[in-house]
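In what follows, chains are A, B, ... by sequence order, proteins preceding strands, each numbered from 1.
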Number of protein chains: 2
Amino acid sequence: MPNAFVRKLRRFADLDDEAVGRLVRLTSRAEPRGRGSDLVRQGERPLAMQLLLSGWACRYKSLASGRRQIVGFLLPGDICDLHVTLLRRMDHSIGLLTDACVVAVTAAEEQELERHASIRTALTCSTLVDEAILREWLTTVGQRGALARVGHLVCEIWYRLKAVGQVDERERFAFPLTQDVLGDTLGLTPVHVNRMLRRLRDERLIELERKQLRLPDPARLVATCGFDPAYLHLDQKRRLTSGMSSAG
Amino acid sequence: MPNAFVRKLRRFADLDDEAVGRLVRLTSRAEPRGRGSDLVRQGERPLAMQLLLSGWACRYKSLASGRRQIVGFLLPGDICDLHVTLLRRMDHSIGLLTDACVVAVTAAEEQELERHASIRTALTCSTLVDEAILREWLTTVGQRGALARVGHLVCEIWYRLKAVGQVDERERFAFPLTQDVLGDTLGLTPVHVNRMLRRLRDERLIELERKQLRLPDPARLVATCGFDPAYLHLDQKRRLTSGMSSAG
DNA sequence: CGCGCAGTTGAATGGACTCAAGCACGGTGG
DNA sequence: CCACCGTGCTTGAGTCCATTCAACTGCGCG
């Protein structure tokens with residue numbers, strides 16, 4: 001039974017048995033890490049690429065002013081920093097938003113993996129998509145109003161979780177983000193995030209309680225915040241089916 | 001005499017004569033393109049990686065609302081889209097801000113280039129830095145005030161141009177960006193950009209006329225907008241010297 | 001039981017936007 | 001040569017969205 005990481009790479013390239021075997025062996029080393037701990041820290045020398053097998057994490061940049069900007073979410077199966085060992089120092093940190101399982105992959109193991117053309121292709125695609133997400137986030141913060149910012153992010157997470165089989169048939173999924181975290185992500189104050197969430201709730205576009213989010217009418221949410229999933233490149237190999245290949 | 005592209009890659013890895021020869025041969029095909037034309041367009045299938053040998057370009061995303069967000073500037077020597085042919089469709093466009101010289105590199109030629117370990121390393125570093133810049137921009141738009149946004153961008157461009165020898169000894173450099181373009185980059189209206197430029201001028205932090213920008217006191221500008229060049233990873237191979245190796 | 005974190009709501013403030021008018025420059029054509 | 005026009009820049013006045021400040025609620029947990 002493949003883990004989240006293998007499932008993710010399969011979306012980008014066909015992996016033969018040997019490749020899958022190698023990936024599974026690698027990920028068997030997974031170690032549990034507690035919520036709130038940092039996987040890597042801004043200013044430090046990067047030692048290894050890391051894989052997130054379960055749990056949520058975020059990349060963030062801290063400013064001298066004390067403010068911080070979250071510049072990415074890492075969901076189960078996501079890759080922390082491909083090739084990052086080439087750089088001298090990290091320009092951002094990665095922190096865990098929930099308890100998680102993580103595998104550290106040394107530069108040598110990374111090179112080993114990339115001998116497989118299919119794995120290399122999949123990893124490269126994955127980083128291209130990460131970059132595309134970053135561009136979309138910049139667009140969101142630069143151009144969209146507060147309501148659309150919140151809604152747009154919700155749509156993105158819905159699509160991304162759906163792609164790894166973590167949305168149930170009632171369009172419900174885990175959503176462990178605090179309003180504070182949302183604020184640091186979207187360039188808004190937590191107070192204002194709160195008001196926008198309220199409006200989305202009042203308009204029956206989301207249902208949120210106890211860190212569980214449900215989209216009663218995904219199409220309407222997508223429409224009202226102008227969400228276009230093209231940037232996620234989900235149809236990279238095959239078009240995403242409405243349901244999930246292996247339900248969670 | 002190496003071109004801007006070779007000079008840029010040299011910052012990331014030692015290139016032997018054969019590698020340089022290959023790069024020079026490739027870039028000899030450069031073609032002139034007029035200001036305002038698009039190198040690639042959002043929604044189209046990507047056909048080739050492109051190299052910008054001279055001139056300025058920008059990546060931008062267009063929204064259904066008619067607004068647009070600029071998500072990156074390409075300066076002389078910059079690489080448009082490494083590996084992008086792996087994706088089905090472009091999620092953004094690239095447009096020329098000035099007249100320019102451009103080389104298109106097919107996927108096959110790209111693979112050919114990457115047989116050289118040193119070239120591959122340099123290209124990878126380059127994309128890592130591009131991603132780092134994107135994260136910093138998101139931080140700028142998300143967390144900084146309007147004045148610091150403008151100042152921060154000016155600092156970044158100063159550093160980047162300095163690294164490719166396009167800043168003269170009086171800290172003067174070409175700055176072909178209109179206030180409209182700055183607005184679309186920083187998430188501000190052109191009117192507000194104008195006011196911020198005025199304040200920077202009034203405080204003697206910049207001198208700007210006829211598309212020429214000068215920093216009378218770079219250190220003070222860097223300080224007042226909280227700029228930290230770490231994210232540009234300029235010390236990747238060797239520390240940047242105060243002057244330029246080959247003055248332009 | 002009391003503490004702390006996350007969320008909620010209100011009122012006042014302010015930074016950036018909108019709308020609008022006018023200016024300066026460069027290119028074009030009569 | 002100069003009138004014309006378009007693009008980009010400049011400045012002012014009024015508005016609005018998001019922030020700030022502050023108080024209060026609800027819940028989980030020791």
Task: Heavy-atom check, side chain of A/Gln166 versus side chain of A/Pro76, under 4.5 Å - done: yes
- [ ] Let me have a per-nucleotide readout for nucleotides 7-25 of chain C, 5' to 3', with B, S or -, counting only protein heavy atoms under 4.0 Å.
- [x] SBBBB----BBBB------
Open item on the list: Is it the case that the side chains of B/Asn3 and B/Thr27 hold a donor-acceptor pair, with the cut-off being a distance below 3.5 Å and no angle test?
Closed with: yes
TODO: Run the salt-bridge test on A/Asp38 and A/Arg41 with the 4.0 Å N-O cut-off and return the result as yes or no.
DONE: yes
Task: Counterpart residues, side-chain hydrogen bond (donor to acceptor under 3.5 Å, both in side chains), relative to A/Arg33 (two or more places apart) - done: none
- [ ] Show your working on side chain to side chain contact (heavy atoms under 4.5 Å, CB included) between B/Tyr231 and B/Val129 and close with a plain yes or no.
- [x] CA-CA 7 Å; B/Tyr231 72 98; B/Val129 171; over 6 Å; no
Open item on the list: So, using salt bridge (charged side-chain N to carboxylate O under 4.0 Å, His left out) as the criterion, who are the partners of A/Arg214 when residues are at least two apart?
Closed with: A/Glu207
- [ ] Have a look at B/Arg35 and say if it touches a base, only the backbone sugar-phosphate, or nothing, with a 4.0 Å heavy-atom cut-off.
- [x] sugar-phosphate
TODO: Give me the ring orientation class for A/Phe227 and A/Tyr159: parallel if the planes are under 30° apart, tilted from 30 to 60°, perpendicular past 60°.
DONE: parallel
- [ ] Give me the first and last nucleotide of DNA chain D, going 5' to 3', that has any atom under 4.0 Å from a heavy atom of chain B.
- [x] D/dG8 to D/dA13
- [ ] If a pair satisfies ring pair (Phe, Tyr, Trp, His ring centres under 6.0 Å) and one of its residues is in residues 32-60 of chain A, list it, with sequence neighbours excluded.
- [x] none
Open item on the list: If the helix axis at each end comes from five base pairs, how far does the helix from C/dC1-D/dG30 to C/dG30-D/dC1 deviate from straight, to 10°?
Closed with: 30°
Open item on the list: For B/Arg204, is there an ion pair with B/Asp217 - N to carboxylate O distance below 4.0 angstrom?
Closed with: no
Open item on the list: Between the side chains of B/Asp184 and B/Arg68, is the shortest nitrogen-to-carboxylate-oxygen separation below 4.0 Å, so that they form an ion pair?
Closed with: yes
